[in-house]
J.: 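Pasting a structure here, questions to come.
For the numbers below, each heavy atom of this structure counts, side chains included, while hydrogens, waters and symmetry mates do not.
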Amino acid sequence: MNVQALDSEGRKSNELSYPFWFEESKFDWNGALIYMIMTDRFVNGNLSNDPAPISEASQGADWYGGDFAGVISMLESNYFLELGVSALWLTPFNGGAEGSFIASDNEHRVSAYHGYWPVNAREVDSRLGTESELKELITLAHSKGIRILNDFVINHVHEDHEYYQNNPDWFRDGCVLGTSGCDWTERALDGVFSSYMPDVNWKNRNASEQFIEDALWWLEEFDLDGARIDAVKHVDDLAITNLVDRISERFETAGTEYYLKGETAMGWVGHELADNQEQYETINRYMGENGLDGQADFVLYHAVVDNVFTTGNENYHHLDYWTSRSQDQYKQGSIMVPFVGSHDVPRIISRADTGTGQAWNQWTEDGLPGQPGNDESYQAALQAYGRLLTTPGAPMIYYGDEYGEYGGADPDNRHMFRNDNELNSREEMLFENITSLGDLRSESIALKRGVYSTQFANPDLLIYQMSHLEQNMTVILNRGGDTTFDGFSDNDTIRFGEASIENSTISIPANSVILVINSSCFFAPGKKTFAKVPNDARKSGNVDLYITAKNVPPKTITIEVGSTYAMGSPPITIAKMIIPKQPSKPRRDARSICELQN
């Protein structure tokens with residue numbers, strides 16, 4: 001809703017925007033599942049807008065024909081809802097450069113199909129569709145409760161951009177990042193991505209104002225719900241602060257939250273937390289008050305995806321430790337985006353297929369990876385996604401990873417999306433499992449917004465809790481052989497996986513991911529616990545609770561409402577029992593549940 005006031009003489013005020021939603025329950029970016037789409041490589045829904053081939057473009061580096069019409073068709077089929085997706089991140093859709101340009105290896109040539117070489121400030125690239133099709137896409141997504149994030153390129157433009165042609169003083173030159181003496185982090189602010197991509201000088205007031213106004217125009221004109229901000233560390237701090245302030249001032253006055261996610265590409269530099277402080281601090285620098293709402297979790301990505309899942313060089317103690325650090329090293333209130341694949345790295349399924357050694361190859365003549373012919377690669381991918389979809393934040397799925405799309409380094413990691421009749425049996429099984437996990441996440445408050453806590457870890461087995469006031473979930477990742485674990489209730493419900501529970505012992509198959517909804521509460525030493533119990537406790541006045549703690553034998557006790565119980569050192573105290581009111585409508589799998597309080 002847009003509001004404008006008039007004074008007694010008919011003079012108009014500035015127009016204010018008050019976007020708001022009518023929906024059954026309030027949307028929360030914390031716990032959202034984001035699906036990244038490289039539009040040209042997704043689905044071709046309209047052959048009439050396909051561009052002519054560019055003969056100079058290297059294999060895999062030309063336009064493929066994906067478009068807004070293709071995304072619309074997938075929305076109409078409910079593909080994203082069935083996957084549990086609640087937000088789509090689309091690569092940039094403003095007009096891109098024509099022709100092809102030299103790649104970073106100074107040998108191959110690449111077109112602008114990816115969207116990151118803009119030449120128009122406020123025009124939709126006709127190779128992706130029309131403005132009306134983009135608006136139709138967003139309206140349809142909104143009707144299904146799905147949010148849309150645009151990808152804002154604020155660091156650079158292509159040399160053919162209208163602003164560079166008309167206002168060259170708005171831009172700056174520098175060394176080409178990644179070349180000798182031009183490190184991506186050390187020269188972040190005075191390096192350029194390519195000789196044909198001039199950097200925006202955000203200290204130039206005219207440039208700053210224009211790029212902010214353009215961002216506001218895209219958000220308002222197309223009713224977008226936020227943005228992924230490209231190459232954050234390569235722009236001046238004031239660029240992020242000013243952009244965030246103006247978006248908040250313009251759109252968030254009515255209480256609707258716009259999500260601004262940054263890309264601050266950092267790494268993981270060793271096993272000691274102290275060694276990684278610069279990595280965390282650089283990402284934190286752009287978040288918090290007057291900053292971004294969250295960022296891609298690059299530290300966790302580099303710490304675990306290849307180290308644990310694709311090579312197996314590190315064990316599940318390592319996985320648990322760095323997953324835990326993502327809960328306590330970022331600024332409070334930040335909604336981080338964990339991921340296991342993206343448009344910038346080879347596909348996870350090919351990196352897990354370690355027998356070929358081709359996963360990091362880019363070009364046809366180098367030899368490119370094919371579909372893995374073994375179960376191990378798909379098992380590794382399921383372990384990775386089992387962890388991704390059951391831990392805090394707003395995780396991101398890179399299109400095609402849900403079925404195990406293969407591919408080497410950019411551009412080979414950007415194959416055209418394949419539909420289900422083009423998948424082999426291993427891909428079908430992975431797709432079925434990841435779809436089930438995503439769908440379960442969408443309905444589970446514990447998986448979306450629970451607190452992560454470790455129950456057990458050994459080199460090949462990790463068991464952790466996702467605890468929320470309304471639900472408690474146990475997640476089991478097992479990359480080893482068949483095993484068992486004591487400490488469950490026969491009343492617990494297995495929601496994913498082939499495990500079974502008998503006499504408090506769960507049987508865990510080899511290479512499995514298991515999700516269990518707990519019928520009782522798990523307590524940790526030194527934590528005060530508030531436990532909510534089922535309504536049948538009203539009749540009996542007591543309830544069975546399962547108590548477990550480190551170095552203390554597991555035990556089931558019956559306590560009266562309001563009583564306390566302590567065991568171990570420090571003691572575990574049941575401080576309060578809450579009998580919930582009968583809900584106005586039943587919740588799926590509602591059971592006794594608990595929340596851990598510091």
Side-chain angles (χ1 to χ4, degrees), residues 21-35 74-75 77-88 141-147 225 257 259 335 337-338 382 385-397 401-403 430-453 463-477 488-489 491-499 501 512-522 532 534-535 580-595:
W21 285 71
F22 293 100
E23 48 191 350
E24 188 174 335
S25 58
K26 181 177 172 59
F27 181 87
D28 195 336
W29 284 99
N30 184 24
L33 179 55
I34 301 170
Y35 188 91
M74 296 297 277
L75 281 163
S77 73
N78 286 327
Y79 180 84
F80 304 113
L81 289 180
E82 291 171 1
L83 191 56
V85 168
S86 50
L88 301 180
H142 286 174
S143 73
K144 297 175 181 293
I146 295 174
R147 270 53 175 178
D225 305 295
E257 295 181 358
Y259 181 63
I335 302 173
V337 179
L382 180 59
Y385 268 95
R387 191 269 309 180
L388 180 74
L389 296 174
T390 60
T391 48
M396 186 270 286
I397 297 175
D401 271 359
E402 65 269 32
Y403 59 76
L430 182 64
F431 175 69
E432 180 181 330
N433 283 325
I434 291 180
T435 298
S436 297
L437 285 168
D439 182 56
L440 180 55
R441 180 184 177 88
S442 72
E443 67 184 34
S444 168
I445 192 69
L447 295 182
K448 288 189 292 188
R449 290 190 284 280
V451 176
Y452 178 95
S453 60
I463 303 176
Y464 55 90
Q465 302 290 319
M466 290 294 290
S467 303
H468 188 274
L469 182 61
E470 298 180 22
Q471 188 185 58
N472 202 55
M473 186 84 80
T474 299
V475 181
I476 303 172
L477 303 179
F488 286 81
S489 166
N491 293 322
D492 291 345
T493 303
I494 295 171
R495 285 300 311 276
F496 180 86
E498 301 299 324
I501 299 173
S512 62
V513 175
I514 308 297
L515 273 66
V516 181
I517 294 180
N518 302 119
S519 59
S520 54
C521 294
F522 291 81
K532 186 184 290 186
N535 286 316
K581 295 179 180 178
Q582 184 66 32
S584 56
K585 62 179 184 178
R587 295 182 61 88
R588 186 179 297 185
D589 298 310
R591 295 175 181 275
S592 58
I593 42 193
C594 63
E595 181 182 52

J.: Could you please spell out the steps behind the side chain to side chain contact (heavy atoms under 4.5 Å, CB included) verdict for N472 and Q465?
T.: CA-CA 7 Å; N472 202 55; Q465 302 290 319; 3.0 Å; yes
J.: What's the spacing between I335 CD1 and E257 CD if we round to 0.5 Å?
T.: 7.0 Å
J.: Can you sort out the partners of Y385 under ring-ring contact (aromatic ring centres under 6.0 Å, His included), two or more places apart, ordered by chain and number?
T.: none
J.: If you take all heavy atoms of I494 and A499, which pair is closest and at what distance?
T.: CD1-O, 3.0 Å
J.: Check the side chains of S444 and Q471 for a donor-acceptor pair under 3.5 angstrom, ignoring hydrogens and angles.
T.: yes
J.: Please name the pair of heavy atoms, one in H468 and one in G450, separated by the smallest distance, quoted to 0.1 Å.
T.: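 H468 and G450 have their closest heavy atoms at CB-CA, 4.2 Å.
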J.: For the atom pair CD1 (I445) and OG (S467), what is the distance rounded to the nearest 0.5 Å?
T.: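 The distance works out to 12.5 Å.
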J.: Which atom pair, heavy atoms only, marks the closest approach of K448 to R441?
T.: CG-O, 3.1 Å
J.: Please report the closest heavy-atom contact between G438 and L33, naming both atoms and the distance.
T.: CA-CD2, 4.3 Å
J.: For a quick test of reading the model, state the closest non-hydrogen atom pair linking G386 to V513 and the distance between them.
T.: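 Looks like CA-CG1, 4.1 Å.
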J.: Within the distance-only criterion (no hydrogens, no angle test), does the side chain of S512 pair as donor or acceptor with the backbone N or O of I514 below 3.5 angstrom?
T.: no
J.: Do side-chain atoms of R449 reach the backbone of N30 as a donor and acceptor pair under 3.5 angstrom?
T.: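 At least one qualifying donor-acceptor pair exists.
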J.: Could you list the residues that satisfy side chain to side chain contact (heavy atoms under 4.5 Å, CB included) with S442, not counting sequence neighbours?
T.: D439
J.: Check whether any side-chain N or O of D492 sits under 3.5 Å from a backbone N or O of S519 as a donor-acceptor pair, and report yes or no.
T.: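 Pair found, side chain donor or acceptor close to backbone of S519.
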J.: Under 3.5 Å, is there a donor on one side chain and an acceptor on the other for T390 and Y464?
T.: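 Their side chains do contain a donor-acceptor pair, which is all the 3.5 Å distance test asks for.
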J.: Begin with the C-alpha distance, continue with both residues' side-chain angles, and end with the deciding distance and a verdict on side chain to side chain contact (heavy atoms under 4.5 Å, CB included) for L430 and L382.
T.: CA-CA 7 Å; L430 182 64; L382 180 59; 4.1 Å; yes
J.: Please round to the nearest 0.5 Å and tell me the distance separating atom CE of M473 and atom CG of L440.
T.: 4.5 Å
J.: Please name the pair of heavy atoms, one in P392 and one in P338, separated by the smallest distance, quoted to 0.1 Å.
T.: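 In terms of heavy atoms, the two residues are closest at O-CG, 4.0 Å.
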J.: Take V475 and L447 through the side chain to side chain contact (heavy atoms under 4.5 Å, CB included) test and state the conclusion after the steps.
T.: CA-CA 9 Å; V475 181; L447 295 182; 4.3 Å; yes
J.: Taking atom CZ of R495 and atom CD1 of I517, what is their separation to the nearest 0.5 Å?
T.: 5.0 Å
J.: Check whether any side-chain heavy atom of L515 lies under 4.5 Å from a side-chain heavy atom of L437, and answer yes or no.
T.: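 Yes - at least one pair of side-chain heavy atoms lies under 4.5 Å apart.
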J.: Measuring from atom OG1 of T435 to atom OH of Y79, what distance do you get when rounded to the nearest 0.5 angstrom?
T.: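 Result: 6.0 Å between the selected atoms.
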J.: Would you check if F496 and L389 make a side-chain contact, meaning some heavy-atom pair closer than 4.5 Å?
T.: no
J.: From the options F27, F80, Y35, W29, select the one residue that forms a side chain to side chain contact (heavy atoms under 4.5 Å, CB included) with S86.
T.: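 The option that passes is F27.
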